[in-house]
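A short worksheet on the structure shown next.
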2 protein chains.
Amino acid sequence: MRICLSHSSLKLTVMIHDRELRSLLHKFGLKVTAARLRVLGVLVHSPVALSHRDILEKMGEQTTDKVTLYRTLHSFADCGLIHKVATKERSWRYALHNGDPDTIPHDGDHAHFICDICERIYCMPAVIPDQKQQVELKRGFSLRSEEYRLHGTCPQCH
Amino acid sequence: MRICLSHSSLKLTVMIHDRELRSLLHKFGLKVTAARLRVLGVLVHSPVALSHRDILEKMGEQTTDKVTLYRTLHSFADCGLIHKVATKERSWRYALHNGDPDTIPHDGDHAHFICDICERIYCMPAVIPDQKQQVELKRGFSLRSEEYRLHGTCPQCH
DNA sequence: TTATTGTTGCAACAAGGTTGCAAATTGTAT
DNA sequence: ATACAATTTGCAACCTTGTTGCAACAATAA
């Protein structure tokens, strides 16, 4: 499944209301609760992956307990509504799967481009060489998955 | 410079004594202290990258204060004696640059193989395609560095 | 040998995250 | 609409990784 929520378009952003959020939760088999609606509301309006702290701050008045937020994010990630990306600052970033034409869905082999400046994480199409044969043959390593990370500056930060 | 300390050969391992460790510290412009000799002793005998906790445990009787260990590892990394690798468990792994014929020094493009079971991190020779051209041409991203990670099971855990 | 400078150990702290549990809320079956 | 079972929430306490400030101490250079 591929839910398309464009972040670049303000018009679309404004259109995301309670009804849409509820149906999104339903689609992923989650109970609709006040906290989940608020968290999802924040994620839906962000073009970049957010940290736990970012989300708490963006919730402002409507804030929740920090534990609730961690658990909410876990549920979202477990059912595939959002994805988690590890950062070198030993914390996680969370983002909705999005339909940005410049990125691809978060499955299959692809690269993550992590901007040094704004820390946005982009999923990029990439030709990743298959190392399985090479590595296994050489020393009995068996490969489960590959991750290719690119670090640099994104177009917005130039 | 390339310091060759084979981990696969017990004979060589046994040969690493106080004298060698001291000269290694000297070569990297570090003062020789008891704590540094002990930490270096542990790192020199490990074929895989170790966490702060691993090192403390391996030091056993000869243990140091945890802060001292953090600072020691920082000094080692700053001068290039060891390298740090980030893990998704929000902690660092530290390893000496080594001359193991099956791995390559930690500079230039290569891959990290991270074992799912024992979490050892291996530096692997790898043919990493240069994505710079492709990515920059396509959309104005500029690349600073690339990291290629392989996840799976290592020979020891089969 | 001494002066200078860098290193150690301790206590306290900070950020990110988890656990256990009682109270509140959701979805569902009636 | 009501009641019930199963989840979800919020709180307090806790854990892990890592850092800071500071006084005492040790390594090197003169």
Side-chain angles (χ1 to χ4, degrees), chain A residues 18-19 21-42 49-79 81-82 84-95 119, chain B residues 18-19 21-42 49-59 61-79 81-94 119 121:
Chain A
D18 196 71
R19 209 174 317 112
L21 299 181
R22 283 171 184 277
S23 96
L24 203 46
L25 290 174
H26 270 127
K27 279 179 187 165
F28 283 86
L30 295 167
K31 283 191 177 179
V32 175
T33 70
R36 284 174 179 174
L37 285 171
R38 279 180 265 138
V39 174
L40 191 53
V42 169
L50 299 173
S51 67
H52 177 273
R53 180 213 286 252
D54 292 336
I55 298 171
L56 269 192
E57 281 170 5
K58 282 186 191 288
M59 289 178 77
E61 302 282 301
Q62 307 259 43
T63 201
T64 57
D65 182 68
K66 64 171 188 156
V67 180
T68 300
L69 179 51
Y70 277 118
R71 292 200 265 229
T72 300
L73 293 169
H74 288 173
S75 326
F76 286 5
D78 282 349
C79 70
L81 211 188
I82 63 175
K84 279 167 83 168
V85 186
T87 69
K88 61 173 180 297
E89 284 77 28
R90 62 206 192 81
S91 64
W92 297 95
R93 301 275 166 147
Y94 307 85
E119 293 191 322
Chain B
D18 196 71
R19 209 174 318 111
L21 300 181
R22 283 171 184 276
S23 96
L24 203 45
L25 290 175
H26 270 126
K27 278 179 187 164
F28 284 87
L30 294 167
K31 284 191 176 177
V32 175
T33 70
R36 284 176 179 173
L37 285 171
R38 279 180 264 139
V39 174
L40 191 54
V42 169
L50 299 173
S51 67
H52 177 273
R53 181 211 287 251
D54 292 335
I55 298 171
L56 270 192
E57 282 171 6
K58 282 187 191 289
M59 289 177 77
E61 301 283 301
Q62 306 259 42
T63 200
T64 56
D65 182 68
K66 64 171 188 155
V67 179
T68 300
L69 179 50
Y70 277 118
R71 293 200 264 229
T72 300
L73 294 169
H74 287 174
S75 328
F76 286 5
D78 281 350
C79 70
L81 213 188
I82 62 174
H83 64 264
K84 279 166 82 168
V85 186
T87 68
K88 61 172 180 297
E89 284 77 28
R90 63 206 193 81
S91 64
W92 297 95
R93 302 277 167 146
Y94 307 85
E119 293 190 322
I121 295 171

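This is a predicted model, so every value here is computed, not measured.
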- Message: Whether the side chain of B:Arg71 and the base of C:dG9 hold a donor-acceptor pair under 3.5 Å is what I'd like checked.
- Response: yes
- Message: Does B:Lys66 contact C:dG9 through a side-chain donor or acceptor facing the base, at a distance under 3.5 Å?
- Response: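 Looking at the base of C:dG9, it does not pair with any donor or acceptor on the side chain of B:Lys66 (distance under 3.5 Å).
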In this structure, how many angstroms lie between the [atom2] atom of [N] and the [atom1] atom of [X], rounded?
| X | N | atom1 | atom2 | result |
| --- | --- | --- | --- | --- |
| A:Leu73 | D:dT9 | CG | P | 11 Å |
| A:Ile55 | C:dG17 | CD1 | C1' | 14 Å |
| B:Lys31 | C:dG6 | NZ | C1' | 4 Å |
| B:Arg36 | C:dG6 | CZ | C1' | 8 Å |
| A:Asp54 | C:dG16 | CG | P | 10 Å |
| A:Phe28 | C:dG27 | CZ | P | 17 Å |
| A:Leu25 | D:dT7 | CG | P | 17 Å |
| B:Phe76 | C:dT8 | CZ | P | 9 Å |

- Item | Donor-acceptor under 3.5 Å (A:His52 side chain, A:Lys66 main chain) | yes
- Do the side chain of A:Arg38 and the main chain of A:Met59 share a donor and acceptor less than 3.5 angstrom apart? no
Establish, with yes or no, whether the OP1 or OP2 oxygen of [N] is under 4.0 angstrom from a side-chain nitrogen or oxygen of [X].
| X | N | answer |
| --- | --- | --- |
| A:Trp92 | C:dG16 | no |
| A:Arg53 | C:dG16 | yes |
| A:Ser75 | D:dT8 | no |
| A:Thr68 | D:dG10 | yes |
| A:Thr33 | D:dT8 | no |
| A:His74 | C:dT18 | yes |

- Close side-chain approach of B:Leu73 to B:Trp92, heavy-atom, < 4.5 Å: no
- For DNA chain D, whose closest nucleotide is more 5', that of B:Leu30 or that of B:Tyr94?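 The residue mapped nearer the 5' terminus is B:Tyr94.
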- Query: So how far is it from A:Arg93 CZ to A:Asp54 CG, rounded to the nearest 0.5 Å?
  - Reply: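 Reported value, rounded in 0.5 Å steps: 5.5 Å.
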- Could you tell me the separation between the NE2 atom of A:His26 and the CG atom of A:Leu24, rounded to the nearest 0.5 Å?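 Rounded to the nearest 0.5 Å, the NE2-CG separation comes to 11.0 Å.
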- Message: Regarding A:Ser51, tell me which of base, sugar-phosphate or nothing describes its non-hydrogen contacts under 4.0 Å with the strands shown.
- Response: nothing
- Note on the structure: By nearest-heavy-atom nucleotide on DNA chain C, the more 5' of B:Ala35 and A:His26 is B:Ala35
